[in-house]
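Structure record follows, encoded as structure tokens.
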Amino acid sequence: MCRHGELGNGPSAGMERRGLLMSKARFEVRFWGVRGSIACAGRQFDGFGGNTPCIEMRIGDHVLVFDAGSGARALGPQLIRDGIKSFDLFFSHCHYDHIEGIPFFDPLYRPDMNVTVWSGHHVDGSTTEDMLKQFMQAPFFPVGPEVFRAKLDCRTFHAGETLDPYPDVHIRTARLRHCNGSVGYRVEHNGKAVCYVTDTEHPETGLDESIIDLIRDADVVIYDAMYTPEEYEATRGFGHSTWVQGVALCKAANAKQLVLFHHNPRHDDDALAAIEAQASECRPGTIAAREGMALSV
Ligand SMILES: [Zn+2]
Ligand SMILES: [Zn+2]
């Protein structure tokens with residue numbers, strides 16, 4: 001069995017679990033929340049982590065954050081400690097597990113912070129501003145986004161558009177097949193590409209060709225591996241995918257590293273270790289994302 005299937009062992013070839021380096025050429029990915037649907041606590045989840053999606057990319061001098069699930073709560077103080085004064089926050093979509101960390105994200109309360117907020121999943125003409133206001137409102141939440149003191153620059157795009165937030169960072173997007181819409185991202189820098197593709201379901205007829213196109217030849221593919229194939233039989237139509245489909249996608253697209261993500265809250269550490277072992281047997285180098293894990297691309 002491939003060593004990458006063993007829980008707690010080192011990550012795959014070319015990747016290192018280590019601190020983020022200070023370098024113009026750096027392309028670092030750190031996982032602050034890897035769980036899907038709902039945060040979960042308990043020792044049985046400690047190995048992989050219980051917080052919902054939040055991924056930080058440090059690319060050259062830039063900080064890009066993808067989704068603000070409950071993992072954003074711990075990322076916030078780290079950004080402030082590191083003296084970050086501006087960053088970009090991209091949303092895949094606004095299901096609760098991807099936004100529930102917004103009101104608890106410390107940088108948003110800092111008047112010296114500039115945050116560009118991006119979303120492009122909307123299917124009803126809503127904007128990024130609408131998303132924030134509709135989430136933080138009575139009677140579901142005690143205060144609205146007017147409590148934030150950071151300078152927020154909200155941008156709304158259409159899934160499928162390309163984004164160029166910086167001259168040296170190019171982002172392609174694709175609409176994913178998910179209830180109420182979701183966006184997959186391909187982030188390119190210095191000849192490298194990392195894809196963030198979560199909350200998506202394939203058509204009955206086979207793999208979603210638009211994802212294959214998005215992740216083609218990518219260095220890292222972070223992918224919705226919510227279900228096992230057996231579980232998927234009972235959850236068809238819920239808008240999620242399986243690790244087997246992740247393996248097939250990376251093979252079809254000649255992508256290098258598959259990182260299983262959006263872990264099912266019903267899967268404890270033992271279950272996820274077993275999934276990781278099976279997946280890495282099928283596609284050597286595959287790993288399951290762990291909270292706190294960092295990859296250097
Ligand atoms: Zn989700
Ligand atoms: Zn979702």
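Note that ligands are numbered from 1 as they come in the structure, with each ligand's atoms numbered from 1 the same way. Count residues from 1 along the sequence.
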Using only N, O or S atoms, tell me which atom of H178 is closest to the Zn ion (ligand 2).
NE2
For H240 and E231: C-alpha separation, side-chain torsions, deciding distance, then whether side-chain hydrogen bond (donor to acceptor under 3.5 Å, both in side chains) applies.
CA-CA 11 Å; H240 289 286; E231 289 166 339; over 6 Å; no
Is R35 paired with E291 through a side-chain N to carboxylate O contact shorter than 4.0 Å?
no
Quick check on the 6.0 Å ring-centre criterion: do H95 and H121 meet it?
no
Can a salt bridge be assigned to the pair D213 and R186 using a cut-off of 4.0 Å between side-chain N and carboxylate O?
no
What count do you get for protein N, O or S atoms closer to the Zn ion (ligand 1) than 2.8 Å?
4
Heavy-atom side-chain proximity of P145 to K133 below 4.5 angstrom:
yes
Is it the case that the ring center of F261 lies less than 6.0 angstrom away from the ring center of F66?
no
